[in-house]
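Report on one structure; see the data block that follows.
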Amino acid sequence: MSAAILVRVQTADFDVGAELARLEALGGGGVASFTGVVRGGGGLEALELEHHPGITETMMARIAGEAAARWPLLGVTAIHRHGRLLPGQRIVLAAAASPHRAAALEATSFLIDWLKTRAPFWKKEHFADGTSRWVEARAEDDAAAARWEGGGARTGETAER
Amino acid sequence: MSAAILVRVQTADFDVGAELARLEALGGGGVASFTGVVRGGGGLEALELEHHPGITETMMARIAGEAAARWPLLGVTAIHRHGRLLPGQRIVLAAAASPHRAAALEATSFLIDWLKTRAPFWKKEHFADGTSRWVEARAEDDAAAARWEGGGARTGETAER
Amino acid sequence: MAIELLYFARIREAIGRSAETVSPPAEVATVAALVDWLAARGGGYAEAFADRARVRAAIGDGFVGPDAPIAGAREIALFPPVTGG
Amino acid sequence: MAIELLYFARIREAIGRSAETVSPPAEVATVAALVDWLAARGGGYAEAFADRARVRAAIGDGFVGPDAPIAGAREIALFPPVTGG
């Protein structure tokens, strides 16, 4: 199965409905997605996302390609924003289309786990009191990403009806 | 955590972007979704979805409520169409918002597994040659639904940043 | 005892109607016994319930098993295993 | 041997610049040795690399470990553990 891979790094917002419609149109039985949103609270005023412009898209494409190699996918989409984002705004979209719902959902989970640990983005929190702080990497994210180290996929065999 | 539950049974299509935007607005770190689409091929002309109008919404609300009881969710959405659907058209949307991405993704997986085995819908395939056939329930779907029988959830503890 | 029966999908088509009111005798006490009693009518009923493993039931708004008592039920739905989603 | 270094996030801020060209001596053969050599400059460099466990590197378009050789590398990025997604 050859997957249509779409990867984008941008400052602009993205249209989740339009992105998922593109995946729905590939003819599979299902499309899974995860959208990350800036959480407010704690006096957070804005989140600043820095990235390594020279290699970000290459690494995101590699992660998407890895998902397509592990699961029977018709399409994979990974979009990540950078720059200054406000609470409630979208940060990232990971999505996958497949004839098998388990494959679509597991691939989406894999995509977001690896984007969090293998794509060169860094978050800085800016607070209303004028202070700011780099977000620290979390051991929990490394553990989530490590679940997929084995290289396997646990996909059902039968397509959706 | 009290979850905003939205359940709908309808013949009309739904707007995935708008439904997910409603979940994004609840203030969580992430929104996961699964959209089921009518697969073409094999001469399929249309899919007819029959349901039990008296109890469908009640059972869907119960499934959504069960998801909200098992995972720390801010919102749950389950929309299921009935009537005549063409290849490429959307059938079902399951989605969940949570501060924890694993919770959102697992709850979405749970929702679609239980909707497939515990909501009173039946699919009939109509083919271009004039024949038709009721879709048979699949042992694989029962197995997928049974994964969740224990009542547990396997959610990460730390909220997304 | 009058019970409203609802039929869905393949079972509805085999029987040729989507609902009917029946008054089974008192010894028909469970869903399984109700299905046996209906199947004994022959014709579309026998066809609808030929494979008992592919018959499901709901009383009120909950799915029930074949051993569920039907006493007091005002509406019982009979249908094949569900295939939505 | 001239190498273009790129710094990101907390490391960029501590050093006070996002890129520079350096020419380490031949005995600086690995990423870890390069980081040691930079940290020995003191000031912002010492601060940037104070916690070696929180330094990551990329050569070309791939992440590499501290033991990765730097021979032949034209561009090396140094940064904290990533926190995107």
Side-chain angles (χ1 to χ4, degrees), chain A residues 7 9 34-39 47-63 65-66 78-83 85 90-94 108-125 132-142 144-145, chain D residues 2-22 31-32 34-35 38-39 43-85:
Chain A
V7 165
V9 184
F34 178 83
T35 307
V37 174
V38 181
R39 291 204 314 141
L47 200 62
E48 183 189 335
L49 268 141
E50 181 171 335
H51 75 124
H52 181 337
I55 65 174
T56 308
E57 293 205 22
T58 301
M59 299 197 77
M60 286 175 65
R62 201 177 290 163
I63 292 166
E66 183 66 28
I79 302 176
H80 207 304
R81 293 175 71 184
H82 63 97
L85 300 175
R90 285 176 279 264
I91 307 173
V92 62
L93 174 69
T108 298
S109 183
F110 167 87
L111 285 167
I112 192 68
D113 283 348
W114 275 31
L115 285 171
K116 279 190 175 272
T117 54
R118 303 193 175 206
F121 289 92
W122 300 273
K123 288 190 183 116
K124 188 174 192 177
E125 296 173 318
S132 62
R133 171 177 79 189
W134 289 98
V135 173
E136 290 292 325
R138 301 185 311 170
E140 185 183 320
D141 285 333
D142 288 332
Chain D
I3 306 173
E4 176 81 358
L5 297 183
L6 305 178
Y7 306 125
F8 293 98
R10 181 179 49 72
I11 287 174
R12 171 181 56 72
E13 286 185 342
I15 292 172
R17 62 177 74 184
S18 60
E20 67 179 315
T21 303
V22 299
V31 167
L34 175 67
V35 170
L38 290 166
Y45 290 92
E47 183 195 332
F49 302 119
D51 182 357
R52 296 291 204 282
R54 287 163 66 212
V55 179
R56 298 289 183 274
I59 297 180
D61 60 12
F63 286 7
V64 297
D67 297 333
I70 64 172
R74 279 158 50 183
E75 185 179 282
I76 300 178
L78 297 170
F79 45 81
V82 303
T83 56

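Since we're looking at a predicted model, the values are computed, not measured. Naming: A, B, ... by sequence-line order, numbering from 1 per chain. Note: hydrogens, waters and symmetry copies are ignored here, and every other heavy atom, side chains too, is used.
- Comparing A:Glu48, A:Arg62, A:His51 by heavy-atom pairs within less than 4.5 Å of chain D, the highest count is held by A:Arg62.
- For D:Glu20, the side-chain hydrogen bond (donor to acceptor under 3.5 Å, both in side chains) partners are D:Tyr7, D:Arg17, D:Arg41, D:Tyr45, not counting sequence neighbours.
- Contacts with chain D were tallied for A:Leu93, A:Leu115, A:Thr58, A:Leu49; A:Thr58 has the most, counting heavy-atom pairs under 4.5 Å.
- Using a 4.5 Å cut-off between heavy atoms, D:Arg56 does not touch chain A at all.
- Scanning both residues, A:Ile55 and D:Asp61, for their nearest heavy atoms gives CG2-CA, 3.6 Å.
- The closest side-chain heavy-atom distance from D:Arg10 to A:Lys124 is not below 4.5 Å.
- Relative orientation of the D:Phe79 and A:His52 rings is perpendicular, given thresholds of 30° and 60° on the angle between their planes.
- Proximity of a side-chain donor or acceptor of D:Thr83 to a complementary backbone N or O of A:Lys123 within less than 3.5 Å is detected.
- In this structure, the side chain of A:Trp122 engages the main chain of D:Pro80 through a donor-acceptor pair within 3.5 Å.
- Between chain A and the options D:Ala9, D:Gly60, D:Pro81, heavy-atom pairs under 4.5 Å are most frequent for D:Ala9.
- Distance check, rounded to the nearest 0.5 Å: CZ of D:Phe8 to CH2 of A:Trp134 gives 10.5 Å.
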